[in-house]
Amino acid sequence: MAVDLIRPARPGDAAAIARVHVESWRTTYPGQLPDQYLVKLSAETYARRWQSLLGAAERGRRTFVLETAADGVAGFASCGSQRTGLSGFDGEFYALYLLDQMQGLGWGRRLLGAMAQQLLDTGMQAAVVWVLRDNQARWFYERLGGQRLAEQPIHFAGARLTEVAYGWSDLVPLARLAADPPVGGDH
Ligand SMILES: CC(C)(COP(=O)(O)OP(=O)(O)OC[C@H]1O[C@@H](n2cnc3c(N)ncnc32)[C@H](O)[C@@H]1OP(=O)(O)O)[C@@H](O)C(=O)NCCC(=O)NCCS
């Protein structure tokens, strides 16, 4: 019997990840990013980007997908070495996106845990994530022990935004979350 599971992404997942990427951005960022930008997001363009990211292992990037029996790829998460110069944190969670219908079931927690384990396996000990200050996902990171580290203004898609960094100085407890049974995951 097919079950929902988290697994490392393969190059052949690029188009499916791009579809989730675009759909999730369109449900997550209205009111935060300009509508014009969200309307123009192209799954074809992101499929090419993901093809190259999955092939090149850029900066040691590793990507995981949530594969569901019902809908195929329904979420993804991506991590690697830190890109922004916050001292004391060698790793970074670059992206974590689930389709609406897969949110609130414990998969975000498990994907974050899988990324933490991946960073530990590659010799890293700590990690940050940058999240838009207006994105309620930051309460998820706080719930999972992220400490607020920094805040900075950014220009993105023609908008002036503020992003916040959360950090975990020890990835070991976070990695244990990967083994937790998902809340409601049998539905
Ligand atoms: C943010 C996201 C990855 C969280 O994943 P999820 O599967 O919905 O969250 P989980 O079910 O694993 O929740 C884990 C815990 O965080 C809490 N939590 C999750 N989202 C929350 C929110 N927005 N506000 C407050 N708490 C939240 C849950 O209640 C749960 O707490 P518990 O341990 O007390 O039960 C997911 O909702 C998502 O993809 N959101 C849209 C995309 C996005 O904003 N990504 C982040 C970009 S930086």
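Both backbone and side-chain heavy atoms feed into the values below; hydrogens, waters and symmetry mates do not. As the structure lists them, so they are numbered: ligands from 1, and atoms in each ligand from 1.
- When only interatomic distances are considered, the shortest N/O to N/O separation between Leu144 and ligand 1 does not fall below 3.5 Å.
- Looking at every heavy atom in both residues, Phe89 comes nearest to Ala126 through CD2-CB, 3.8 Å.
- Between the Gln103 side chain and the Leu98 main chain, a donor and an acceptor come within less than 3.5 Å of each other.
- When heavy-atom distances to ligand 1 are checked against a 4.0 Å cut-off, Leu98 comes that close through both its backbone and its side chain.
- One option in Thr28, Leu105, Asp100 has a heavy atom closer to atom 42 (C) of ligand 1 than any other, and that option is Thr28.
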Criterion side-chain contact (heavy atoms from CB on, under 4.5 Å) on Glu151 and Glu163, from CA distance to verdict: CA-CA 6 Å; Glu151 193 170 301; Glu163 58 180 6; over 6 Å; no
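- Between the side chain of Arg26 and the main chain of Val39, a donor-acceptor pair closer than 3.5 Å is present.
- The distance criterion of under 3.5 Å between nitrogen or oxygen atoms is met by Asn135 with respect to ligand 1.
- Not a single heavy atom of Phe93 sits under 4.0 Å from any atom of ligand 1.
- An N or O contact shorter than 3.5 Å is missing between Val131 and ligand 1 by distance.
- Annotation: cation-pi pair Arg143/Phe140 absent, no NZ/CZ under 6.0 Å from the ring centroid and within 45° of its normal.
- Each of the atoms 24 (N), 25 (C) of ligand 1 lies under 4.0 Å from some heavy atom of Trp139.
- Proximity to Gly108 (heavy-atom distance under 4.0 Å) selects the following atoms of ligand 1: 5 (O), 6 (P), 7 (O), 12 (O).
- Distances from atom 37 (O) of ligand 1 to the heavy atoms of Gln103, Met102, Arg110 show the closest one on Gln103.
- The shortest N or O to N or O distance between Leu96 and ligand 1 is under 3.5 Å.
- Within the cation-pi definition used here (under 6.0 Å to the ring centroid, within 45° of the axis), Arg138 does not qualify as a partner of Tyr166.
- Taking all heavy atoms of Phe76, Tyr166, Phe140 into account, the minimum distance to atom 27 (C) of ligand 1 is reached by Phe140.
- The aromatic rings of Trp25 and Phe156 lie tilted to each other, with the angle between the two planes from 30° to 60°.
- Rounding to the nearest 0.5 Å gives a distance of 9.5 Å between CG of Asp4 and CZ of Arg110.
- For Arg109, a nitrogen or oxygen atom sits less than 3.5 Å from a nitrogen or oxygen atom of ligand 1, counting backbone and side chain alike.
- Listed for the Gln51 side chain is no donor-acceptor partner under 3.5 Å among the backbone atoms of Ala14.
- Contacts of Arg143 with ligand 1, taken as heavy-atom pairs under 4.0 Å, involve the side chain alone.
- Under a 4.0 Å criterion applied to the non-hydrogen atoms of Trp107, ligand 1 contributes the atoms 7 (O), 12 (O).
- Electrostatic pairing of Arg7 and Asp13 counts as a salt bridge here, judged by a charged N lying under 4.0 Å from a carboxylate O.
- Which parts of ligand 1 touch Ala137 is read off a 4.0 Å heavy-atom cut-off, strictly below it: atoms 1 (C), 44 (O), 46 (C).
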